[in-house]
Amino acid sequence: NDDGTYTGFIKVHLKLRRPVTVPAGIRPQSIYDALREVNLADTTAKRTSFYLPLDAVKQLHISSSTTVSEVIQGLLKKFMVVDNPQKFALFKEMRKDGQVLLQKLPLTEYPLYLRLLAGPDTDVLSFVLKENETGEVEWDAFSIPELQNFLMILDKEEKEKIQQVQRKYEKFKQRLQQSLKEAGGKPG
């Protein structure tokens, strides 16, 4: 372009540990499928939550004037995520001497420019979308259904943990009773 802008591709790894909110009933068949440009999120008011696979990678065609903020919004739109974009942050991941360094990018940074500076090797620089960890959870950013969903997930995890502990002690008790039965009649 004669205005000095250029275009190119960046790959973004999605490493989201919490579920995302999407319109109910119209989840993409596969998040790897390219979605049609119709914004299905606008066609239903119902919402549901699910986990994106931790290994999801999305290639984006962007220009040199595309900001981190626009990349985050674009990714959320592609996956029909209706969560507040402020809940997410784009990080640059660099590998040096066997160490992985993660650095949160400011919303005004230009990812394609960083990609160009780093060269084509994704080991030198890759992009990762993660939760925007401010250290403190901003509960106000979540809707009531999302908060209820978190409570359901926590309840489920708690019940599973309790069952694990109960099973562990049940096995221990059975082994102990078996040992006592086998030792029964023998002098201690």
Side-chain angles (χ1 to χ4, degrees), residues 11-33 35 41 44-59 72 75-76 78-105 121-188:
K11 271 186 189 167
V12 181
H13 298 259
L14 286 87
K15 294 187 180 176
L16 301 176
R17 306 211 164 266
R18 292 198 285 265
V20 293
T21 307
V22 295
I26 53 171
R27 183 184 307 180
Q29 293 305 299
S30 157
I31 65 153
Y32 300 101
D33 293 343
L35 298 172
T44 177
K46 282 195 187 152
R47 300 286 180 252
T48 187
S49 294
F50 78 110
Y51 288 92
L52 284 172
L54 268 176
D55 61 349
V57 179
K58 190 74 193 158
Q59 188 158 290
I72 293 170
L75 282 167
L76 297 182
K78 280 213 182 300
F79 291 117
M80 300 200 258
V81 174
V82 292
D83 293 290
N84 185 335
Q86 291 174 345
K87 290 185 199 170
F88 306 94
L90 194 67
F91 290 77
K92 65 177 180 178
E93 186 178 283
M94 296 154 294
R95 291 165 197 278
K96 203 173 184 181
D97 308 326
Q99 281 191 308
V100 178
L101 306 166
L102 264 184
Q103 185 183 350
K104 184 172 156 183
L105 293 171
D121 188 353
T122 52
D123 271 358
V124 175
L125 171 89
S126 57
F127 296 104
V128 179
L129 183 75
K130 295 175 67 135
E131 280 84 7
N132 189 7
E133 301 296 357
T134 53
E136 193 54 48
V137 177
E138 294 176 31
W139 295 112
D140 302 352
F142 295 96
S143 66
I144 298 295
E146 286 177 304
L147 293 170
Q148 288 168 334
N149 196 40
F150 289 147
L151 281 175
M152 277 172 31
I153 290 168
L154 289 172
D155 279 347
K156 188 173 172 238
E157 287 177 0
E158 183 184 36
K159 283 183 181 118
E160 286 169 1
K161 213 40 138 178
I162 289 168
Q163 286 173 347
Q164 273 180 356
V165 171
Q166 285 173 332
R167 281 195 298 268
K168 177 182 162 188
Y169 283 101
E170 192 55 43
K171 278 183 188 165
F172 185 69
K173 185 177 158 186
Q174 285 170 356
R175 276 195 231 120
L176 201 57
Q177 286 173 333
Q178 187 65 36
S179 294
L180 283 169
K181 202 191 282 180
E182 287 169 6
K186 294 178 192 164

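One is the number of the first residue; the rest follow in order along the sequence. Hydrogens, waters and symmetry mates are skipped; everything else that's a heavy atom, side chains included, is used.
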According to the side-chain hydrogen bond (donor to acceptor under 3.5 Å, both in side chains) rule, which pairs have a member within residues 143-166, sequence neighbours left out?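 Counting only pairs at least two positions apart or across chains, the side-chain hydrogen bond (donor to acceptor under 3.5 Å, both in side chains) contacts touching residues 143-166 are T21-E146, S49-N149, K87-E146, S143-E146.
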
Suppose we screen for side chain to side chain contact (heavy atoms under 4.5 Å, CB included). Which residues come up paired with Q103, at least two apart in sequence or across chains?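 Expected list: K92, M94.
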
Can you sort out the partners of D97 under side chain to side chain contact (heavy atoms under 4.5 Å, CB included), two or more places apart, ordered by chain and number?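 Not a single residue meets the side chain to side chain contact (heavy atoms under 4.5 Å, CB included) criterion with D97.
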
Close side-chain approach of [X] and [Y], heavy atoms under 4.5 Å:
| X | Y | value |
| --- | --- | --- |
| F88 | L75 | no |
| L76 | D83 | no |
| K130 | L102 | yes |
| N132 | K104 | yes |

Considering all heavy atoms, the nearest [X]-[Y] contact:
| X | Y | answer |
| --- | --- | --- |
| K11 | F127 | O-CB, 3.7 Å |
| F79 | L14 | CE1-CD2, 3.5 Å |
| V12 | L129 | CG1-N, 3.8 Å |
| V57 | H13 | CG2-ND1, 3.4 Å |

Looking at residues at least two apart in the chain, or sitting in another chain, which of them share a side chain to side chain donor-acceptor pair (under 3.5 Å) with K15?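 Partners of K15 under the side chain to side chain donor-acceptor pair (under 3.5 Å) test: E93.
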
Set out, in order, the CA-CA distance, both residues' side-chain angles and the distance that settles side chain to side chain donor-acceptor pair (under 3.5 Å) for Q178 and Q174, then state yes or no. CA-CA 6 Å; Q178 187 65 36; Q174 285 170 356; over 6 Å; no

Qualifying residues under salt bridge (Lys or Arg N to Asp or Glu O under 4.0 Å), relative to K171, sequence neighbours excluded: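 Partners of K171 under the salt bridge (Lys or Arg N to Asp or Glu O under 4.0 Å) test: none.
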
Per the ring-ring contact (aromatic ring centres under 6.0 Å, His included) rule, what does the pair list look like for residues 146-169, sequence neighbours excluded?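 Listed by first then second residue: F142-F150.
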
